[in-house]
Amino acid sequence: MTPSENKETKWIKDLVRLEQNMETVGEISLPESQASKEQLEEHTVEFMRQLRTAFASHTAVFNHMKGFLGSLRIYGIADTQADFMLFRHGHKLVFSVREPGLISVCMKFNDQLLNGKNPTEEPSDFIKGEWGPFNELKWTYKDQKINIDYLIRYYMTVFVKTSVK
């Protein structure tokens, strides 16, 4: 029985492909022992997709309990690989990749547009990817390793409280 491929076993598939290529072409090409920029880009996009999926799941529960009025919406941001935002009542919570391994999180308030003023923007929080032992990528906030469940709980709570009408 062949195990199903997932992100935990993808590296094995890549290793087998590398070995098969060495056998057919006759060239020895060992995998990178140090993490590359391409790996960091791939991990960053994957992390953003995990965040969006988790936010979508939690948003669906919130909207089911809340009802249509005051519901949260999630939108992808055009011309990006994985950026997204939560939206409600003219407020946005934006997650965007600034560079591989660096994600910004900021809230934008559009209520000033009604008065002809520019929207205000809160300072960004930054989530950083840092390489650990054995090429493990750890996501950190202010040099502390993060837990996605608590990250989502925190930002959803702040966003809901801020965007109440």
Side-chain angles (χ1 to χ4, degrees), residues 4-11 34-165:
S4 62
E5 182 182 337
N6 57 37
K7 67 181 183 176
E8 285 82 24
T9 61
K10 182 184 178 299
W11 69 270
Q34 294 295 321
S36 67
K37 183 177 180 179
E38 291 78 25
Q39 288 174 315
L40 186 56
E41 288 175 11
E42 184 180 307
H43 283 291
T44 303
V45 169
E46 175 60 31
F47 183 70
M48 287 288 283
R49 288 184 180 141
Q50 287 175 358
L51 284 177
R52 183 174 177 169
T53 299
F55 270 107
S57 173
H58 287 76
T59 297
V61 172
F62 178 88
N63 289 343
H64 177 74
M65 296 175 134
K66 176 73 176 167
F68 181 74
L69 291 175
S71 63
L72 301 174
R73 300 282 180 240
I74 294 183
Y75 298 104
I77 298 176
D79 299 325
T80 66
Q81 278 189 302
D83 295 1
F84 67 96
M85 70 174 165
L86 270 69
F87 181 84
R88 180 167 96 149
H89 302 306
H91 291 70
K92 300 173 189 172
L93 176 62
V94 181
F95 287 79
S96 61
V97 176
R98 295 291 183 188
E99 61 186 52
L102 183 63
I103 297 167
S104 73
V105 183
C106 68
M107 288 214 201
K108 297 181 180 186
F109 309 95
N110 289 336
D111 55 345
Q112 287 85 4
L113 289 174
L114 298 174
N115 301 325
K117 299 178 183 175
N118 290 332
T120 59
E121 184 175 322
E122 290 294 312
S124 295
D125 289 336
F126 292 100
I127 300 169
K128 295 180 184 178
E130 297 177 356
W131 292 111
F134 310 111
N135 292 338
E136 175 190 12
L137 187 62
K138 299 176 194 175
W139 290 98
T140 63
Y141 173 75
K142 294 185 179 180
D143 297 324
Q144 298 288 318
K145 190 173 179 180
I146 63 168
N147 177 314
I148 290 178
D149 295 330
Y150 286 96
L151 178 146
I152 291 165
R153 178 185 290 187
Y154 173 79
Y155 282 114
M156 274 194 71
T157 302
V158 170
F159 184 68
V160 168
K161 285 181 178 180
T162 305
S163 64
V164 170
K165 270 200 163 187

Check: Arg98 and Ser104 side chains under 4.5 Å, non-hydrogen atoms = yes
What orientation do Phe95 and Phe55 show, parallel under 30°, tilted 30 to 60°, or perpendicular over 60°?
-> tilted
Looking at Ile148, Asn147, Ile146, which hits side-chain contact (heavy atoms from CB on, under 4.5 Å) with Tyr150?
-> Asn147
Taking it one step at a time, do Leu102 and Glu99 satisfy side-chain contact (heavy atoms from CB on, under 4.5 Å)?
-> CA-CA 5 Å; Leu102 183 63; Glu99 61 186 52; 3.6 Å; yes
Any idea which heavy atoms bring Ile152 and Ala54 closest together, and the distance?
-> CD1-CB, 3.0 Å
Among all residues two or more places apart in sequence or in another chain, which pass the side chain to side chain donor-acceptor pair (under 3.5 Å) test with Arg88?
-> Ser163
Would you indicate whether the side-chain heavy atoms of Arg52 and Ser57 approach each other to under 4.5 Å?
-> no
Can the ring centres of His43 and Trp139 be said to be less than 6.0 Å apart?
-> no
State the CD-CD distance between Gln81 and Glu42, to the nearest 0.5 angstrom.
-> 10.5 Å
Going through the checks in order, is the side-chain contact (heavy atoms from CB on, under 4.5 Å) test met by Lys161 and Phe159?
-> CA-CA 5 Å; Lys161 285 181 178 180; Phe159 184 68; over 6 Å; no
Please lay out, stage by stage, how Glu41 and Gln39 fare under the test side-chain contact (heavy atoms from CB on, under 4.5 Å).
-> CA-CA 5 Å; Glu41 288 175 11; Gln39 288 174 315; over 6 Å; no
Show your reasoning for whether side-chain contact (heavy atoms from CB on, under 4.5 Å) applies to Leu137 and Leu40.
-> CA-CA 8 Å; Leu137 187 62; Leu40 186 56; 3.9 Å; yes
Does a side-chain heavy-atom distance below 4.5 Å link Phe126 with Ile103?
-> no
When rounded to the nearest 0.5 angstrom, what distance separates CG in Asp83 from CG in Leu51?
-> 11.5 Å
Looking only at heavy atoms, which two atoms of Pro133 and Lys138 are closest? And how far apart?
-> CD-NZ, 4.1 Å
Do Val94 and Ile77 come close enough that some side-chain heavy atom pair is under 4.5 Å?
-> yes
Point-to-point distance, once rounded to the nearest 0.5 Å, from OG1 of Thr53 to CE of Met48 = 11.0 Å
Can you find a heavy atom in the side chain of Leu86 that is under 4.5 Å from one in the side chain of Lys92?
-> no
Once you round to the nearest 0.5 Å, how far does NE2 of His58 lie from CZ of Arg153?
-> 8.0 Å
Taking everything shown except Glu130 itself, do over 12 heavy atoms lie less than 6.0 Å from its CD?
-> yes
Reported CD1-to-NZ distance for the pair Ile127 and Lys142, which is rounded to 0.5 angstrom = 12.0 Å
Heavy-atom check, side chain of Asp125 versus side chain of Tyr155, under 4.5 Å | yes
What distance separates Leu72 CG from Thr59 OG1, expressed to the nearest 0.5 Å?
-> 5.0 Å
